[in-house]
Amino acid sequence: MIFMAQIQFPSHMSLASMVMVILFTTTSPIFATKDCNFPAIFNFGASNSDTGGMAAAFGPPGLPYGITYFNRSAGRYSDGRIILDFIAQNFGLPYISPYLDSLGSNFTHGANFATFASTVDIPTSIMPLGKLSPFCLAVQCTQFKYFILNTKLIRDQGGVFSTLVPKEDYFSKALYTFDIGQNDLTAGFLGNTSIQQVNATIPNVVDKFIENIKNIYNLGARSFWIHNTGPIGCLPIILASFPTSIKDGYGCAKIYNEVSQYFNLKLKEALAQLRSDLPLAAITYVDTYSPKYSLFQNPKKYGFEFPLMACCGNGGKYNYNSRGNCGQVTSGTQKVVGSCLSPNTRIVWDGIHYTEAANKIVFDQISTGAFTDPPIPLNMTCQKNST
Ligand SMILES: *[C@@H]1O[C@H](CO)[C@@H](O)[C@H](O)[C@H]1NC(C)=O
Ligand SMILES: *[C@@H]1O[C@H](CO)[C@@H](O)[C@H](O)[C@H]1NC(C)=O
Ligand SMILES: *[C@@H]1O[C@H](CO)[C@@H](O)[C@H](O)[C@H]1NC(C)=O
Ligand SMILES: *[C@@H]1O[C@H](CO)[C@@H](O)[C@H](O)[C@H]1NC(C)=O
Ligand SMILES: *[C@@H]1O[C@H](CO)[C@@H](O)[C@H](O)[C@H]1NC(C)=O
């Protein structure tokens with residue numbers, strides 16, 4: 001069963017108190033009634049929201065990454081723009097510069113701390129020898145802390161560098177976005193950990209996630225837009241790695257999606273608690289799972305075909321295998337693993353990440369407020385006192 005956003009009232013609550021709850025929720029003073037004017041975006045996350053962090057640290061993915069939009073990967077794990085790019089565009093902001101990129105970055109309107117393969121939890125096996133990013137969420141938070149301090153020094157000094165950093169008041173007025181957690185799950189699945197063991201780590205992963213959000217709040221952040229995790233069991237990397245796993249009616253591996261849903265349930269609960277712990281913050285839980293899953297349920301409706309196959313890959317049932325990933329040169333034929341003919345007719349780009357076409361549809365859906373808790377459009381998710 002898909003986890004759907006819903007409020008459940010305890011059975012002992014009277015009708016009157018239910019009405020009070022509803023009144024209180026809908027007239028909550030936290031959210032502004034007019035559009036927010038976020039001057040900056042600070043993002044924390046993994047590859048789904050990386051705009052060049054991993055590329056700066058370990059080199060960019062090669063073409064055909066970026067082929068649809070940038071004509072180079074631009075440090076993104078897609079054929080084009082990612083959801084964070086659409087969020088920035090929505091507010092008329094430039095694409096968010098990666099914090100790690102020392103060349104050509106302009107942080108006036110925000111910074112992106114996300115990197116490919118980042119986890120919430122501290123990783124035990126990191127690149128370049130291991131598989132996970134050294135820039136886990138706690139490291140990204142530390143980077144942000146010193147980013148605030150150092151931009152103050154630079155502003156005080158004046159000169160050209162001061163035109164590259166945010167104004168002081170932008171930190172409290174900015175939108176803080178998060179997209180992380182998927183790698184905490186997949187690292188376990190693809191490592192030597194049973195599904196039940198991975199599932200059992202989730203409460204701890206969510207606790208750490210919340211701890212880091214609190215740290216960012218304590219540094220002055222007030223408006224939070226927090227993505228949950230997608231249907232991991234629909235991704236070619238999982239389908240190809242666990243071919244005998246039981247499938248749902250759409251061909252997705254059921255149990256892996258159930259683990260995603262459990263993560264999402266715990267995250268949603270923890271954010272509801274955080275909302276009462278931090279009354280000055282506007283905390284929005286964003287269900288990306290449902291709009292992503294609906295692409296796999298109804299591909300034709302959205303103009304997609306071969307929903308479970310990677311567009312850029314090297315063969316096999318799901319066009320994903322370990323003999324060569326998208327953009328890599330295969331050892332056998334010495335050819336670069338390339339794109340399908342029309343990435344805009346595909347959901348999954350490289351077996352792990354979504355195409356620009358899919359990202360745009362998911363953005364359009366989450367930005368309306370139909371998939372968020374509380375159900376408020378992206379344009380109105382600011383903290384009242386900060387606008
Ligand atoms: C895309 O980049 C290639 C080089 O990688 C170049 O030959 C081509 O002209 C570029 N296309 C566009 C539309 O800019
Ligand atoms: C950085 O971006 C800001 C806002 O777009 C702009 O005013 C500033 O001139 C830019 N700095 C440089 C050095 O280009
Ligand atoms: C995986 O776990 C099994 C059983 O716990 C163990 O025997 C095996 O050595 C482990 N393999 C790796 C690669 O860690
Ligand atoms: C994950 O753990 C929760 C809590 O114990 C349980 O309800 C759920 O069924 C588990 N999911 C899987 C796939 O094991
Ligand atoms: C949000 O605001 C932007 C910029 O003003 C606008 O282009 C967009 O249509 C708005 N989105 C919604 C869903 O109202």
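Values in this document were obtained by computation on a predicted structure and should not be read as measured data. Numbers here are sequence positions counted from 1. Start at 1 and go down the list; that is how both ligands and their atoms are numbered.
Within the listing of ligand 4, atoms 13 (C) sit less than 4.0 angstrom from a heavy atom of Ile255. Taking a cut-off of under 4.0 Å to the non-hydrogen atoms of Asn379, the atoms of ligand 5 that pass are 1 (C), 2 (O), 3 (C), 8 (C), 10 (C), 11 (N), 12 (C), 14 (O).
A donor atom on one side chain and an acceptor atom on the other are found under 3.5 Å apart for Ser290 and Asp287. There is a side-chain donor-acceptor pair under 3.5 Å between Tyr285 and Asn228. Between the side chains of Asn183 and Thr119, no donor-acceptor pair is found at a separation under 3.5 Å.
In this structure, Phe42 has its ring center under 6.0 Å from that of Phe171.
Under the 2.5 Å SG-SG cutoff, Cys252 and Cys234 qualify as a close cysteine pair.
Other cluster members for Val329: Val336, joined by side-chain heavy-atom distances under 4.5 Å among Ile, Leu, Val, Met, Phe, Trp and Tyr.
Nearest approach of Asn112 to Ile96, heavy atoms of both residues: N-CG2, 3.5 Å.
For a heavy-atom separation below 4.0 Å, the residues in contact with ligand 2 are Asn106, Thr108, His109, Thr163, Leu164.
Close N/O approach between Asn199 and ligand 4 is found [any backbone or side-chain N/O within under 3.5 Å].
You'll find the side chain of Phe147 reaches within 4.5 Å of the side chain of Phe113, heavy atoms only.
Using a 4.0 Å heavy-atom cutoff, Asn90 is listed among the residues neighbouring ligand 5.
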